[in-house]
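Keep in mind that what you see is a predicted model, and the values were worked out from it rather than measured.
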Amino acid sequence: MKSKTLIACLLGLFLISFVSIHHGETVDSRPRPEEFRLPDYREIPNYPFLRQDLNRIQYFGDSHAFQSIFEKLDRLIFEGGESVSIMHIGGSHVQAGTLSNRLRENFFSLAPGLKGERGFLFPFRLAHTNGPGNFKVEYTGTWDGCRCAVKKENCDWGLSGYAAHTFDSLSTVKLWSFDTDSVAYGFNRVKIYHSMDSSTSTVRLDSSMKVTSVFEDSSRQYTEFVLGQSYDTLKFEVVQLDSMQTNFTIQGIQLENDDPGISYNAIGVNGASVPSYLRCGKFQDQLATVMPDLVIFGIGINDAYGPSSRFSRENFEQNYDSLIGLIRQVNPNVSILFLTNNDSYYKRKYPNKNAIEVHQAMLNLARKYNGAVWDLFHIMGGLNSVKSWENAGLAKSDKVHFTSQGYILEADLLFNAFRESYGNYLASRYTREG
């Protein structure tokens, strides 16, 4: 009897230890800071025109102000706590999606198992314009679009800088988004940003989606749906319920989940300059729902497009002052990273020397707002280097935009610079053994 009792006790202890070990592996598998190793740098081809020796993030003003994003990454990676929100805002470079999506996946790679939300997006197909290839949109009904970059247009714009509207009594939209492994992003909360007044049609999710609650925010102009389970495809309807409801205008969509991770929100409008975003009446209100910890500014290529006589560095900086002011009212502790203009040509014939002025303006702004600068202009080779990029298949013949291969190269260079900066921060903050 005693031997059986002893065997039972030993077996019980073994099972407890086994469960504890495996429970720890699945629940508390986060790395310790002193043992953590960042992923390898992205491999960069050895182009002779590329100045990889300049590939770094430069800090100006109080560099500690930028560390707030690093500290939040610490809490995410080492404690599994709050998520990190990144907003990348620009023009056609961002709208096309290749650059921003590669950066999104690069940021997800910072730590094993790190994932995140798809983040904020606009269903560009409704506005009959190009968009990222990693999310798909199908719809019924007749839709028209407008964008904040077109001066003659005046719409009810929000954070995305785009609006699409329909006057149909019933329209449907289906949307899904994939990561690099062709796996659709999951979500259990949806915000649909849209105009709200007495003439606005009703938006509701498809009956196949289990909705547990609905919340409307008329000041920020969105309807939020909380779902009873995770989905990878969004389906919703726009319905006119009475004669007062005659139209519907969508301004964006945000797909969210409850898992700690990184939300990489890409805001891009073809042809957008800094003043374009200042025209968006609900920009600041809707920005508060994204609450970025890091803003990557890539606006400037359209501001500086043209002869030198038509570009004012002073006006450019003042416009950025206004936009940064809106963002810092939402999050006073936001970290700011400026991406200088790529080298480009005006009318395909004239080297655009305004890029040098934009570079100086961003240095001034970084000093003023304790921000940082990533100098794409000089990293890619400086003035006239876009011709070398074109010859290498990295830039298009307009000598303004990159090819997909060029945008991937840009994203990998920027990620390598960010990874080095975060690695330096980790080395200085945590004592490593050995």
Side-chain angles (χ1 to χ4, degrees), residues 87 95 117-129 131 135-148 150 153-177 187-207 209 211 213-227 231 233-256 265-269 276-277 279-291 330:
M87 184 176 80
Q95 178 176 329
E117 303 171 337
R118 175 55 177 80
F120 186 94
L121 55 85
F122 182 82
F124 293 106
R125 192 178 177 197
L126 298 183
H128 308 290
T129 185
F135 75 80
K136 307 296 182 183
V137 177
E138 296 177 356
Y139 67 92
T140 63
T142 302
W143 294 80
D144 292 308
C146 58
R147 55 192 166 103
C148 62
V150 181
E153 294 180 348
N154 188 17
C155 293
D156 188 12
W157 294 301
L159 181 61
S160 71
Y162 264 99
H165 51 267
T166 182
F167 293 92
D168 288 353
S169 59
L170 175 63
S171 301
T172 64
V173 177
K174 177 181 177 182
L175 181 149
W176 64 103
S177 181
F187 57 90
N188 60 5
R189 291 191 311 280
V190 178
K191 288 187 178 72
I192 298 177
Y193 300 82
H194 59 97
S195 298
M196 289 185 173
D197 56 44
S198 59
S199 67
T200 301
S201 298
T202 300
V203 59
R204 64 190 183 193
L205 298 197
D206 186 81
S207 58
M209 305 187 74
V211 178
S213 65
V214 180
F215 171 74
E216 293 185 352
D217 189 322
S218 58
S219 63
R220 294 172 177 169
Q221 295 193 165
Y222 70 83
T223 300
E224 181 178 36
F225 300 90
V226 179
L227 306 173
Y231 294 87
T233 303
L234 173 64
K235 292 183 281 188
F236 65 90
E237 303 171 329
V238 176
V239 184
Q240 293 179 5
L241 297 181
D242 57 52
S243 59
M244 294 289 291
Q245 297 180 346
T246 59
N247 64 89
F248 182 83
T249 299
I250 189 168
Q251 301 161 330
I253 296 171
Q254 191 169 9
L255 304 177
E256 304 173 319
N265 307 281
I267 313 295
V269 177
S276 301
Y277 288 105
R279 300 179 66 203
C280 302
K282 289 296 179 181
F283 180 93
Q284 187 179 47
D285 288 335
Q286 294 179 0
L287 178 70
T289 67
V290 172
M291 190 58 71
V330 172

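- In this structure, the side chains of R125 and Y139 come closer than 4.5 Å at one or more pairs of heavy atoms.
- Annotation: the span from M196 atom CE to R220 atom CZ amounts to 12.5 Å, rounded to 0.5 Å.
- For the salt bridge (Lys or Arg N to Asp or Glu O under 4.0 Å) with K191, the lone residue among E216, E117, E256 that qualifies is E256.
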Quick one: do L205 and I192 satisfy side chain to side chain contact (heavy atoms under 4.5 Å, CB included)? Show the steps, please.
CA-CA 10 Å; L205 298 197; I192 298 177; 4.3 Å; yes
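- Residues satisfying the side-chain hydrogen bond (donor to acceptor under 3.5 Å, both in side chains) test with D206, not counting sequence neighbours, are S208.
- For M291, the CE atom counts as densely surrounded, since its 6.0 Å shell holds more than 12 non-hydrogen atoms of other residues, nucleotides or ligands.
- Partners of Q240 under the side-chain hydrogen bond (donor to acceptor under 3.5 Å, both in side chains) rule, at least two apart in sequence or in another chain, do not exist in this structure.
- In this structure, R279 has no salt bridge (Lys or Arg N to Asp or Glu O under 4.0 Å) partners at least two apart in sequence or on a different chain.
- Distance alone, capped at 3.5 Å, places no donor-acceptor pair between the D168 side chain and the S171 backbone.
- H194 places none of its side-chain heavy atoms less than 4.5 Å from the side chain of V238.
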Would L159 and I267 satisfy side chain to side chain contact (heavy atoms under 4.5 Å, CB included), going step by step from the backbone distance to the final call?
CA-CA 8 Å; L159 181 61; I267 313 295; 3.9 Å; yes
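- The distance from atom SG of C148 to atom CG of N154, rounded to the nearest 0.5 Å, is 11.0 Å.
- Judged by distance alone, with hydrogens and angles left aside, the side-chain atoms of K235 form no donor-acceptor pair with the main-chain N or O of S207 at under 3.5 Å.
- Residues C280 and G158 share a closest heavy-atom pair of CB-O, 3.4 Å.
- When all heavy atoms of S195 and Q251 are compared, the closest pair comes out as OG-NE2, 3.7 Å.
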Go through the steps to decide whether D144 and T142 satisfy the test side-chain hydrogen bond (donor to acceptor under 3.5 Å, both in side chains), and finish with yes or no.
CA-CA 7 Å; D144 292 308; T142 302; over 6 Å; no
Test T140 against T172 for side-chain hydrogen bond (donor to acceptor under 3.5 Å, both in side chains), laying out the working first.
CA-CA 5 Å; T140 63; T172 64; 2.7 Å; yes
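- Nearest heavy-atom pair, F236 versus V203, reported as atom, atom and distance to 0.1 Å: CD1-CG2, 3.7 Å.
- Annotation: side chain of I250 is not in contact with side chain of V173 (no heavy-atom distance under 4.5 Å).
- No side-chain heavy atom of V269 sits under 4.5 Å from any side-chain heavy atom of F122.
- Applying the side-chain hydrogen bond (donor to acceptor under 3.5 Å, both in side chains) criterion to Y193, with sequence neighbours excluded, gives Q254, T289.
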Set out, in order, the CA-CA distance, both residues' side-chain angles and the distance that settles side chain to side chain contact (heavy atoms under 4.5 Å, CB included) for V226 and F215, then state yes or no.
CA-CA 8 Å; V226 179; F215 171 74; over 6 Å; no
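- In this structure, the side-chain hydrogen bond (donor to acceptor under 3.5 Å, both in side chains) partners of T202, at least two apart in sequence or on a different chain, are Q245.
- When the side chain to side chain contact (heavy atoms under 4.5 Å, CB included) test is applied to V214, the partners found at least two apart in sequence or on another chain are V211, T223, F225.
- A 4.5 Å side-chain heavy-atom check between W176 and E138 finds at least one atom pair inside the cut-off.
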Walk me through whether F248 and T200 qualify under side chain to side chain contact (heavy atoms under 4.5 Å, CB included).
CA-CA 5 Å; F248 182 83; T200 301; 4.0 Å; yes
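- Contact record, G119 with N265: CA-OD1, 3.3 Å, taken as the closest heavy-atom pair.
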Taking it one step at a time, do D156 and T249 satisfy side-chain hydrogen bond (donor to acceptor under 3.5 Å, both in side chains)?
CA-CA 8 Å; D156 188 12; T249 299; over 6 Å; no
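- Across all their heavy atoms, S177 and R118 have their closest contact at OG-NE, 2.8 Å.
- Between the CE atom of M244 and the OG atom of S201 there is a distance of 12.0 Å, given to the nearest 0.5 Å.
- You'll find the side chain of V190 stays beyond 4.5 Å of the side chain of M209, heavy atoms only.
- The ring-ring contact (aromatic ring centres under 6.0 Å, His included) with Y162 is formed by just one residue from the set F283, F120, F124, W143; it is F124.
- Taken together, C155 and C146 meet the criterion of an SG-SG distance shorter than 2.5 Å.
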